[in-house]
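Input: a single structure, listed below in structure tokens.
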There are 2 protein chains.
Amino acid sequence: MVMNNAREQLIETTAALVEAQGYHATGLSQILKESGTPKGSLYYYFPAGKEELAAEAIAHTAQLLVKRATEALAADDDPAAAIPEFIRTIAHYVEASDFAAGGPLITVALESVTCSERLNLACQDAYRRLQEVFAAKLQAGGYSATQATHLASFVTAAIEGGTLLSRTAHSCAVLRQIADDLGVFLHIMPKS
Amino acid sequence: MVMNNAREQLIETTAALVEAQGYHATGLSQILKESGTPKGSLYYYFPAGKEELAAEAIAHTAQLLVKRATEALAADDDPAAAIPEFIRTIAHYVEASDFAAGGPLITVALESVTCSERLNLACQDAYRRLQEVFAAKLQAGGYSATQATHLASFVTAAIEGGTLLSRTAHSCAVLRQIADDLGVFLHIMPKS
DNA sequence: GTCTATACGGTGATAGAC
DNA sequence: GTCTATCACCGTATAGAC
């Protein structure tokens, strides 16, 4: 499909800013300034305004997240090794951004609960798709479908919580510890 | 110590609103309206304005969190039983608020990283104190000091991540699963 | 069809009345 | 000391020029 450049630019800039600052903290003027897009274009491409733009940005983020996770998890056949390694990659990413990025959904996910059903649904969908990637990997590693789904939730929660604590503390020690702990946990967990 | 009523009221209202909506989404006018405090009082008690008020609200939240966690964990001598039970209590709380509350620090913790050092420090301190409660419980349960600290981080991350996913999904199934999983994990984890 | 200029409401903050 | 009335600014959204 043909992608309009201004539209794509707008979505990517929004995704990046929202990841760093959150939804309410990110103003349209900042988005327009950083993306180099004129104000009117925004309402041409996104008639419903900021909320619609943010929802598209979340969908874009979800797509990227699924792609990255899938690729990273393919590096090792054993999910108990691949998942911790993926988490260490996230830790690198968080550090490289000076703790301004990582967990691109966290803030919006929480803000959206009390402010926008549209955004909330976009976040639900994003997390669901991410968990499916983990679940597929776990199932391929020998876990039953229900157990894989179950563990995928646990892994996602640990990653999100770990990213949150790491960004807050300006140190990814927690995230790396979690990677190790999850490795142990997955090794021990019986496959039934 | 004598606590000024208007000041306390302001702090508690801010803590509640910020927990539900986040820092940037919560306006001063809403805080004043809900607390029934006149506008001028705010700047008398908190000369530095919203940021100072929010920092005090975070400190207040931390105090409450530590108190609740300590009390809840005292219910069972075994940390591997007490911690999951505490998490189930959180799940109740999240549901009772219709997913508008729970994880009172998450949003501010993340927003603060790129916006306010003062708030960020308040959040760091809050998480540190909460983790100390878990660590103390784990150490009393037989873990070494270093292992207790280590596991306390993992527990905190799992709780925060689980609360995030539960609020987003409008279902505490994830949080309850995490409670069970952590119970298993702590039972298996060798005490050294 | 694409964008510039403008409107309007609400934000955080303050000066000064009681 | 406590609060009311007002400010300057930035937020999102739109109308209409090219």
Side-chain angles (χ1 to χ4, degrees), chain A residues 1-58 107-108 111-112 114-120 122, chain B residues 1-58 107-108 111-112 114-120 122:
Chain A
M1 63 183 162
V2 178
M3 266 299 146
N4 189 303
N5 208 337
R7 193 188 139 91
E8 273 296 292
Q9 195 66 30
L10 230 27
I11 289 175
E12 280 172 29
T13 306
T14 303
L17 287 173
V18 163
E19 176 173 358
Q21 306 174 332
Y23 177 68
H24 283 100
T26 304
L28 289 185
S29 49
Q30 190 184 10
I31 295 172
L32 297 170
K33 192 174 141 200
E34 298 225 356
S35 68
T37 312
K39 197 157 206 168
S41 302
L42 196 156
Y43 287 92
Y44 175 73
Y45 292 115
F46 308 95
K50 187 184 179 181
E51 192 182 359
E52 183 180 0
L53 172 56
E56 293 289 334
I58 295 293
T107 312
V108 197
E111 287 179 297
S112 71
T114 52
C115 113
S116 158
E117 185 166 2
R118 182 173 195 167
L119 280 180
N120 183 27
Chain B
M1 63 186 160
V2 178
M3 266 299 147
N4 190 305
N5 208 340
R7 192 188 139 89
E8 273 296 291
Q9 195 65 29
L10 229 28
I11 288 176
E12 281 173 29
T13 307
T14 303
L17 288 173
V18 163
E19 176 172 358
Q21 306 173 332
Y23 177 68
H24 282 100
T26 304
L28 288 185
S29 50
Q30 191 184 11
I31 294 172
L32 296 170
K33 192 174 141 200
E34 298 225 355
S35 67
T37 312
K39 196 158 207 168
S41 302
L42 196 156
Y43 286 92
Y44 175 73
Y45 292 115
F46 307 95
K50 188 185 180 182
E51 191 181 0
E52 183 180 1
L53 173 56
E56 293 288 335
I58 295 293
T107 313
V108 196
E111 287 179 296
S112 71
T114 51
C115 111
S116 157
E117 185 167 3
R118 183 174 194 165
L119 280 180
N120 182 27

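Both backbone and side-chain heavy atoms feed into the values below; hydrogens, waters and symmetry mates do not. Residue numbers begin at 1 in each chain, while the letters A, B, ... track the order of the sequences.
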| field | Closest contact, heavy atoms only, A:Ala57 versus A:Thr14 | value | CB-CG2, 3.9 Å
| Which atom names give the shortest non-hydrogen contact between B:Thr13 and B:Ile31, and what distance separates them? | CG2-O, 3.8 Å
| task | Would you mind reading off the bend of the helix from C:dG1-D:dC18 to C:dC18-D:dG1 from its two end axes, five pairs each, to 10 degrees? | result | 0°
| Can you name the residues that form a salt bridge (charged side-chain N to carboxylate O under 4.0 Å, His left out) with A:Glu51, not counting sequence neighbours? | none
| field | d(CZ, B:Arg7; P, D:dG1) in whole Å | value | 16 Å
List, one per line, each side-chain donor-acceptor pair under 3.5 Å for residues 20-28 of chain A, sequence neighbours excluded.
unit_1	atom_1	unit_2	atom_2	d
A:Gln21	OE1	A:Thr26	OG1	3.0
A:His24	ND1	A:Glu111	OE2	3.2
A:Thr26	OG1	A:Gly22	O	2.7

| said: Please enumerate all residues that pass side-chain hydrogen bond (donor to acceptor under 3.5 Å, both in side chains) together with B:Ser35, with sequence neighbours excluded. | reply: B:Thr37
| said: I'd like to compare against my own output: the B/S/- annotation of nucleotides 2-18 of chain C with a strict under-4.0 Å heavy-atom distance to protein. | reply: BBBB-----SBBB----
| said: As an exercise, state the distance from CZ of A:Arg7 to CG of A:Leu53, rounded to the nearest 0.5 Å. | reply: 9.0 Å
Side-chain donor-acceptor pairs of residues 42-49 of chain B under 3.5 Å, sequence neighbours excluded:
unit_1	atom_1	unit_2	atom_2	d
B:Tyr45	OH	B:Asn4	OD1	3.2
B:Tyr45	OH	B:Asn4	ND2	2.6

| query | Is there a donor-acceptor pair closer than 3.5 Å between any side-chain N or O of B:Ser116 and the backbone N or O of B:Ser112? | reply | no
